[in-house]
Protein chains: 2
Amino acid sequence: MFYQQIIKGSIKFVILSILENREVYGYGLIQAVNRQTKGFFEWRQSAVYTTLHKMEKAGLVKGKWRPAGIARKRKYYHLTDKGRQLLAANRTEWLAFSKYMNKLTANT
Amino acid sequence: MFYQQIIKGSIKFVILSILENREVYGYGLIQAVNRQTKGFFEWRQSAVYTTLHKMEKAGLVKGKWRPAGIARKRKYYHLTDKGRQLLAANRTEWLAFSKYMNKLTANT
DNA sequence: AAGGATACCTAAGATACTTAGGTATTCTTT
DNA sequence: AAAGAATACCTAAGTATCTTAGGTATCCTT
């Protein structure tokens, strides 16, 4: 029950983690993740934008448009309290999941 | 590209790992995993049986019915060469995936 | 004898991700 | 100055995996 949520929501979990310390916009998230994983995570725009919209609808993040003129038009997101709570829960679940995965799939 | 396969196929990956060293039947797999993860992985029969059928169709495992009479009617599965190859690839991908996940979601 | 555990199976629905398409602005190159 | 690449946003339709829900049959325990 728990871990399936994590699995399916790995994008969500990573987004929550990145937003913990700073505001980020969708396109920036994609670039940050693809760069930090050296292209191993091939995040698609469609997946990230729809996930952000869903997360905002669920009250996990809040987005606001940066005033145009200053720079390119961007929608910056930040965490809500609910988002921080889910992040904490996800961290615990991820630890358990990865521990068990390592145990179950160990090369003997 | 890679890691999504791992995520969605975590059941598949675990099954390949368990079958590496011994023949196991579907119901036994479910019990082993649920016991070893203390119920954290709540594998459903429907997911496991359909995954096994799909894996057999894909040539990753081979199942054979144990002669009835000896014990309860069971279908035991073992790995094929193709299954062993996928298992090796999955192990590599899982290492990369979990490494990056830890990096991206670290509590700073 | 009844109920629970074992052991197999399939169909229909929910959901996340991919594929595929779109618009508009800014920067770089020729 | 025009063209193309990169940035930055968005949505719709298809695919695949898992859940929910249902089924059958055998064996063991009380």
Side-chain angles (χ1 to χ4, degrees), chain A residues 1-16 23-35 37 39-58 60-61 63-77 86 90 97, chain B residues 1-16 23-35 37 39-58 60-61 63-77 90 97 101:
Chain A
M1 198 28 156
F2 279 120
Y3 89 95
Q4 277 95 344
Q5 301 303 330
I6 294 179
I7 289 173
K8 290 195 187 169
S10 78
I11 287 185
K12 197 162 84 172
F13 177 28
V14 172
I15 289 176
L16 289 172
E23 293 195 327
V24 191
Y25 57 98
Y27 197 87
L29 278 169
I30 296 168
Q31 288 192 310
V33 167
N34 290 348
R35 189 181 63 247
T37 64
F40 187 79
F41 284 28
E42 296 176 5
W43 277 14
R44 316 284 172 189
Q45 290 194 352
S46 54
V48 174
Y49 288 125
T50 46
T51 301
L52 281 168
H53 298 160
K54 240 189 123 185
M55 288 171 75
E56 184 163 30
K57 211 168 178 181
L60 301 169
V61 301
K64 57 185 178 204
W65 289 98
R66 268 297 147 81
I70 294 176
R72 194 178 284 277
K73 197 179 116 188
R74 291 171 177 166
K75 196 171 183 182
Y76 280 81
Y77 290 91
L86 181 59
N90 278 359
F97 174 68
Chain B
M1 196 31 155
F2 279 120
Y3 90 93
Q4 278 95 344
Q5 300 303 330
I6 293 179
I7 291 172
K8 291 195 184 168
S10 78
I11 287 186
K12 196 163 84 173
F13 177 28
V14 172
I15 288 177
L16 289 172
E23 293 195 326
V24 191
Y25 56 98
Y27 197 87
L29 278 169
I30 296 167
Q31 287 191 310
V33 167
N34 289 349
R35 190 182 61 247
T37 65
F40 187 80
F41 283 28
E42 296 176 5
W43 277 15
R44 315 286 171 186
Q45 291 193 351
S46 55
V48 174
Y49 288 126
T50 47
T51 301
L52 281 169
H53 298 161
K54 242 189 121 185
M55 289 171 76
E56 184 163 30
K57 212 170 178 179
L60 300 169
V61 300
K64 58 184 179 204
W65 289 98
R66 269 297 148 81
I70 293 175
R72 194 177 286 277
K73 197 178 115 186
R74 290 171 177 167
K75 197 173 183 183
Y76 279 83
Y77 290 90
N90 276 1
F97 174 67
M101 280 297 284

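Bear in mind the structure is a predicted one, so any value in this text is a computation, not a measurement. Numbers restart at 1 for each chain; the letters A, B, ... are given by sequence-line order, proteins then strands. Keep in mind that the numbers below use all heavy atoms, side chains included, and drop hydrogens, waters and symmetry copies.
As a whole-Å value, the separation of B:Q31 CD from C:dG4 P is 17 Å. Rounded to whole Å, the distance from CD1 on A:I11 to P on C:dT15 is 17 Å. Atom P of nucleotide D:dT7 and atom CZ of A:R66 are separated by 19 Å, given to the nearest angstrom. When the C1' atom of D:dT19 is taken as reference, atom CD1 of B:I30 falls 14 Å away, rounded to whole Å. Rounded to an integer number of Å, the gap from CE of A:M55 to P of C:dC17 is 11 Å. Rounded to an integer number of Å, the gap from A:W43 CH2 to D:dC9 P is 14 Å. At whole-Å resolution of the value, CD in B:E56 and P in C:dC8 are 12 Å apart. Look at OH on A:Y76: it is 8 Å from P on D:dA8, rounded to the nearest Å.
OP1 or OP2 of C:dC9 sits under 4.0 Å from a side-chain N or O of B:K75. Side-chain N/O atoms of B:H53 include none lying less than 4.0 angstrom from OP1 or OP2 on C:dC8. For D:dA8, the OP1/OP2 oxygens have a side-chain nitrogen or oxygen of A:Y25 closer than 4.0 Å. B:Y27 has a side-chain polar atom (N or O) that falls below the 4.0 Å cut-off from OP1 or OP2 of C:dT6. The side chain of A:R74 contributes an N or O atom lying less than 4.0 Å from OP1 or OP2 of D:dA8.
Taken from NZ in B:K75 to CH2 in B:W65, the straight-line distance is 5.5 Å, to the nearest 0.5 Å. To the nearest 0.5 angstrom, A:L60 atom CG is 11.0 Å from A:T51 atom OG1. Rounding to the nearest 0.5 angstrom, the gap separating the OG1 atom in B:T50 from the CZ atom in B:R44 is 13.0 Å.
Formation of a donor-acceptor pair under 3.5 Å by the A:E42 side chain with backbone atoms of A:N34 is not found in this model.
Side chain B:T50 to base C:dT10: no donor-acceptor pair is found below 3.5 Å.
Taking every side-chain heavy atom of B:S46 into account, C:dA11 is the closest of D:dT11, D:dC18, C:dA11. Ranking D:dT19, D:dT11, C:dT6 by closeness to the B:R44 side chain, first place goes to D:dT19.
Comment: A:R66 engages A:E23 in a salt bridge, judged by a side-chain N to carboxylate O separation of less than 4.0 angstrom.
Residue whose closest nucleotide on DNA chain D sits further toward the 5' end, between B:K54 and B:Q45: B:K54.
Using a 4.0 Å heavy-atom cutoff across all strands shown, B:G28 reaches no nucleic acid atom at all.
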